[in-house]
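Residue numbers start at 1 and run along the sequence shown.
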Amino acid sequence: MGWWKTILDDVDSVFDRDPAARSRWEIALTYPGLHAVWWHRVAHALWRRNWRLLARLISNVSRWLTGIEIHPGAEIGRRFFIDHGMGVVIGETAEIGDDCTLYHGVTLGGTTWREGKRHPTLGAGVVVGAGAKILGPITLGEGVRVGSNAVVLRDAPDGATLVGIPARMVEQRAEQNETKRRVAQRLGFDAYGVARDMPDPVATVVDRLLDHVQTVDGQLDEMADALRSLGVDVSRPSRPSLDGCHLDEEDGLVNCGRDEPVDETSDRRD
């Protein structure tokens, strides 16, 4: 039952990350990144039981069939997704947390020939863009985003965005950005690796607008609360709700909820 649940989780996780996915059968039969992960789970189980040669043979067959090389010693969490996948290399001592995503051409490699921990550790929810290289026994925290073709050589904290060669941190998603993150996900917008080196005008504008709306709403609420505490009559007009909103390529912004109701309970001065 455990293996079956893991397989279903792997398949269902693709729906959340690939809009091209149409059915479970399509995913199970045509996604080489998923096949590579399944081959690896078998090889890793054999590796842990010291059936090392058989594990390496299965890993090699998987590489021939999928174009993805995962050493059977690598530890991979649940709902791991390799999108497209061709050219991905994952080393022996790599550790990958739950809900991580790698795109094609990614390398989780080592920088030394000495035994021991030589490869990266990825926290939960890490996304690594196409062609990026993460090298050495470094640790990327939860929710880290690595831009395409970046070369990461140092540890990164939770929520960081890394771009460049060598990679540098251009953003860290702090607690005060949690509201923006929820709004961005509701709109279907969660860009990573956006910086001056890799300009994306639409992504940049939307990200700034989310920041602006969040800041203005917070300031207006604080001003209204302060005025009410002084006995000033301040109404609360309805606000367009973002609940259920998402971006559609043809229809634009659709499925938005109704406006938030007007607050009729505010105190009034005589």
Side-chain angles (χ1 to χ4, degrees), residues 1-48 54-55 57-90 94-106 108 122-132 142-146 148 181-182 184-192 243-251 253-257:
M1 185 64 179
W3 279 83
W4 181 243
K5 179 64 165 59
T6 298
I7 290 173
L8 287 179
D9 283 349
D10 289 337
V11 172
D12 289 341
S13 69
V14 176
F15 283 111
D16 296 331
R17 305 179 222 179
D18 187 359
R22 293 177 177 81
S23 70
R24 282 178 169 174
W25 280 112
E26 179 186 26
I27 293 169
L29 294 175
T30 65
Y31 276 62
L34 203 57
H35 301 159
V37 172
W38 289 343
W39 280 108
H40 171 74
R41 297 199 191 283
V42 175
H44 183 66
L46 294 171
W47 183 267
R48 296 187 62 181
L54 181 57
L57 289 174
I58 291 175
S59 175
N60 212 34
V61 169
S62 174
R63 179 188 179 190
W64 291 340
L65 295 175
T66 66
I68 298 167
E69 181 175 342
I70 308 177
H71 193 284
E75 297 185 8
I76 294 177
R78 300 176 69 87
R79 298 176 297 277
F80 175 52
F81 179 42
I82 303 175
D83 199 359
H84 302 293
M86 182 63 70
V88 168
V89 177
I90 301 175
E95 300 175 44
I96 300 174
D98 296 340
D99 301 301
C100 289
T101 304
L102 307 185
Y103 290 86
H104 51 282
V106 169
L108 305 184
L122 308 186
V126 171
V127 177
V128 184
E142 295 185 4
V144 167
R145 299 296 192 260
V146 180
S148 299
R181 183 188 66 79
R182 290 197 301 269
Q185 287 184 341
R186 192 178 297 135
L187 291 174
F189 176 84
D190 190 19
Y192 65 92
D243 289 339
C245 291
H246 68 275
L247 293 175
D248 185 271
E249 291 183 359
E250 296 182 357
D251 300 328
L253 195 63
V254 297
N255 290 341
C256 288

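- Using cut-offs of 30° and 60° on the angle between ring planes, the pair His104 and His84 is perpendicular.
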Task: Pair Val89-His71, side chain to side chain contact (heavy atoms under 4.5 Å, CB included): steps then yes or no - done: CA-CA 8 Å; Val89 177; His71 193 284; over 6 Å; no
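- Panel note: side chain His35, backbone Ala28; a donor-acceptor pair is recorded below 3.5 Å.
- Under the 3.5 Å distance criterion, the side-chain polar atoms of His44 are matched with a main-chain donor or acceptor of Ala74.
- Remark: of the listed residues Ile70, Asp83, Ile68, Ile68 is the sole one forming a side-chain contact (heavy atoms from CB on, under 4.5 Å) with Val88.
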Open item on the list: Set out, in order, the CA-CA distance, both residues' side-chain angles and the distance that settles side chain to side chain contact (heavy atoms under 4.5 Å, CB included) for Leu102 and Phe80, then state yes or no.
Closed with: CA-CA 8 Å; Leu102 307 185; Phe80 175 52; 3.6 Å; yes
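- For the pair Arg145 and Gly143, the tightest heavy-atom approach, listed with the atom from each and the gap, is NH1-O, 3.3 Å.
- For the pair Ser59 (side chain) and Glu69 (backbone), a donor-acceptor distance under 3.5 Å is absent.
- In summary, Asp99 and Arg79 engage in a salt bridge, as defined by a charged side-chain N under 4.0 Å from a carboxylate O.
- Considering only heavy atoms from C-beta on, Ile96 comes within 4.5 Å of Leu108 through its side chain.
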Open item on the list: Set out, in order, the CA-CA distance, both residues' side-chain angles and the distance that settles side chain to side chain contact (heavy atoms under 4.5 Å, CB included) for Ile82 and Thr66, then state yes or no.
Closed with: CA-CA 11 Å; Ile82 303 175; Thr66 66; over 6 Å; no
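- Here the closest non-hydrogen pair linking Leu122 and Cys100 is CB-SG, 4.3 Å.
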TODO: Would you check, one step at a time, whether the test side chain to side chain contact (heavy atoms under 4.5 Å, CB included) holds for Arg41 with Asp10?
DONE: CA-CA 12 Å; Arg41 297 199 191 283; Asp10 289 337; 3.2 Å; yes
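- To the nearest 0.5 Å, atom OG of residue Ser62 and atom CG of residue Leu57 are 12.5 Å apart.
- Atom CH2 of Trp47 sits in a crowded spot, with more than 12 heavy atoms from other residues, nucleotides or ligands closer than 6.0 Å.
- When side chains are defined from C-beta on, Asn60 counts as touching Arg63, because their heavy atoms get closer than 4.5 Å.
- Using a distance-only test at 3.5 Å, with no hydrogens or angles considered, a donor-acceptor pair links the side chain of Asp98 to the main chain of Arg78.
- The two residues Ile27 and Val11 make their nearest non-hydrogen contact at CD1-O, 3.8 Å.
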